[in-house]
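Just so you know, residue 1 is the first one in the sequence shown, and it goes up from there.
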Amino acid sequence: MERQLSALCFGVGMSLVLMAAPGLCDTPSKDAQDLNLSPEIIKGSPVLQRWRRQVPNVLEDIKNDPSFPTKVRLGYSYFSSEQVFGVNVGVEDVFIGRTGLTLSGEYQTTFNGQREAYGADVHYYLRPLGSYINIAPVVGYRHLETNSYSTDGVNLGAKLLLVLSRGGAADISLTQSWVAPGTGEEVGLTTLSVGYAITRHLRISTDIQQQNAKQDKGTRLGVVLEWIP
């Protein structure tokens, strides 16, 4: 009698435990029925398939997934000092793997040939690429030519990036650099750029660039169409 009573108490206790935590007796399954979705939906969703294989670290993905995209640029410029118009073309932030290194390059010219500038830079973003605020040292090369002077050499500076909306929907950047720093031909470049997406792959950007040299100073105003690959 005592053994039967003990067995009965044990059985009741185990039943209560299983009722309180049914997951203890469930075997994890990755079938479509467990997700309460049809197999067709799961088959057509790479995200669901990835989650079924392994639950990703979402916070880590957000942290390292770039909050700003690569952009191919084509724009129309106005140079205030000469009061002439021109064009500018370039590419910005071509990522080198999953590192903080990116490559950028540009070419500017006026329609009358009075001004020309071209060069390429390497940026190294110091904060995770998914950050809304980032800063990057700038190292590159620039050639600048106007009616007043011509210079070329190393381009050193820094870039501040404010991402207002991830994926290139909206951002603001401020870049300060010096071409041929420490020489008699040193030229300071200050560039403010504001970009806003109009479609998934197209953006409109406005640029203001101040070019400061001992011989001359000038401002370039630009409206740029940007394509996101």
Side-chain angles (χ1 to χ4, degrees), residues 45-51 53-77 88-108 119-142 154-179 181 188-212 219-229:
S45 173
V47 175
L48 287 175
Q49 294 176 24
R50 179 189 175 194
W51 276 67
R53 289 192 300 268
Q54 180 181 1
V55 177
N57 189 331
V58 179
L59 292 179
E60 191 67 20
D61 288 349
I62 293 175
K63 182 179 179 182
N64 294 295
D65 186 42
S67 59
F68 55 97
T70 298
K71 299 172 285 291
V72 179
R73 314 179 82 230
L74 173 63
Y76 192 67
S77 297
N88 63 87
V89 297
V91 61
E92 187 173 343
D93 287 324
V94 177
F95 293 93
I96 302 177
R98 297 290 291 179
T99 69
L101 283 172
T102 69
L103 295 175
S104 299
E106 66 173 348
Y107 176 79
Q108 306 170 10
D121 296 312
V122 175
H123 303 84
Y124 182 70
Y125 290 94
L126 301 178
R127 304 196 66 215
L129 293 178
S131 302
Y132 285 90
I133 301 176
N134 221 319
I135 187 169
V138 176
V139 180
Y141 168 84
R142 275 291 186 284
V154 64
N155 183 45
L156 298 177
K159 176 181 179 180
L160 174 65
L161 176 65
L162 305 178
V163 178
L164 304 180
S165 182
R166 293 177 63 90
D171 55 47
I172 301 173
S173 67
L174 176 64
T175 304
Q176 176 64 56
S177 66
W178 293 266
V179 181
L189 296 175
T190 304
T191 307
L192 176 65
S193 180
V194 180
Y196 185 81
I198 53 179
T199 71
R200 182 177 180 182
H201 293 286
L202 287 178
R203 295 182 5 137
I204 289 290
S205 176
T206 56
D207 297 346
I208 303 175
Q209 185 177 73
Q210 180 72 30
Q211 189 168 309
N212 297 315
T219 300
R220 178 181 67 86
L221 306 176
V223 177
V224 184
L225 184 64
E226 298 179 332
W227 175 63
I228 301 175

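Taking CG from Leu101 and OH from Tyr124, the interatomic distance works out to 6.5 Å, rounded to the nearest 0.5 Å. A distance of 9.5 Å separates CD1 in Ile172 from CG in Leu160, rounded to the nearest 0.5 Å. To the nearest 0.5 angstrom, Trp227 atom CH2 is 13.0 Å from Lys71 atom NZ. From Asn155, atom CG reaches atom OG of Ser177 across 3.5 Å, with rounding to the nearest 0.5 Å. Rounding to the nearest 0.5 Å gives a distance of 9.0 Å between CG of Leu192 and OG1 of Thr175. Between atom OG1 of residue Thr219 and atom CG of residue Asp207 there is a gap of 13.0 Å, rounded to the nearest 0.5 Å.
Residues Tyr196 and Ile204 form no side-chain contact, since every pair of their non-hydrogen atoms from C-beta on lies 4.5 Å or further apart. You'll find the side chain of Ile133 stays beyond 4.5 Å of the side chain of Val163, heavy atoms only. Pro137 is listed as a side-chain neighbour of Leu126, based on a closest heavy-atom distance under 4.5 Å. Residues Asp171 and Leu162 fail the side-chain proximity criterion, which asks for heavy atoms closer than 4.5 Å. No side-chain heavy atom of Val72 sits less than 4.5 Å from a side-chain heavy atom of Leu74. By the 4.5 Å heavy-atom criterion applied to side chains, Val89 and Glu106 are not counted as neighbours.
A distance below 6.0 Å separates the ring centres of Phe68 and Phe95.
Contact detail for Thr99 and Ile96: the closest heavy-atom pair is OG1-O, 2.7 Å. When all heavy atoms of Thr199 and Leu202 are compared, the pair lying nearest together is OG1-N, 3.1 Å. Across every non-hydrogen atom of Gly100 and Leu129, the tightest pair is CA-CD2, 4.0 Å. The minimum heavy-atom distance between Ile228 and Arg200, with the atom names listed, is CD1-O, 4.1 Å. Closest heavy-atom contact between Ser104 and His123: OG-CE1, 3.3 Å. Scanning all heavy atoms of the two residues, the minimum distance from Ser205 to Arg73 falls at OG-NH2, 3.4 Å.
The 12-atom threshold is exceeded at OH of Tyr141, counting heavy atoms of other residues, nucleotides or ligands nearer than 6.0 Å.
Only one option out of Val138, Thr191, Asp121, Leu174 pairs with Lys159 in a side-chain contact (heavy atoms from CB on, under 4.5 Å); it is Val138. Applying side chain to side chain donor-acceptor pair (under 3.5 Å) to Thr190 and the options Gln211, Gln176, Gln210, Gln209 leaves one that passes, Gln176.
Tyr125 and Asp93 are linked by a side-chain donor-acceptor pair at a separation below 3.5 angstrom, with hydrogens and angles left out of the test. A side-chain donor-acceptor contact under 3.5 Å links Ser77 and Asn88.
A donor-acceptor contact shorter than 3.5 Å links the side chain of Arg166 to the backbone of Asp65. Between the side chain of Asn134 and the backbone N or O of Pro128 there is at least one donor-acceptor pair closer than 3.5 Å.
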For this session: In sequence, state the C-alpha distance, the side-chain angles, and the governing distance for Arg203 and Glu226, and then conclude on salt bridge (charged side-chain N to carboxylate O under 4.0 Å, His left out).
Result: CA-CA 5 Å; Arg203 295 182 5 137; Glu226 298 179 332; 2.7 Å; yes

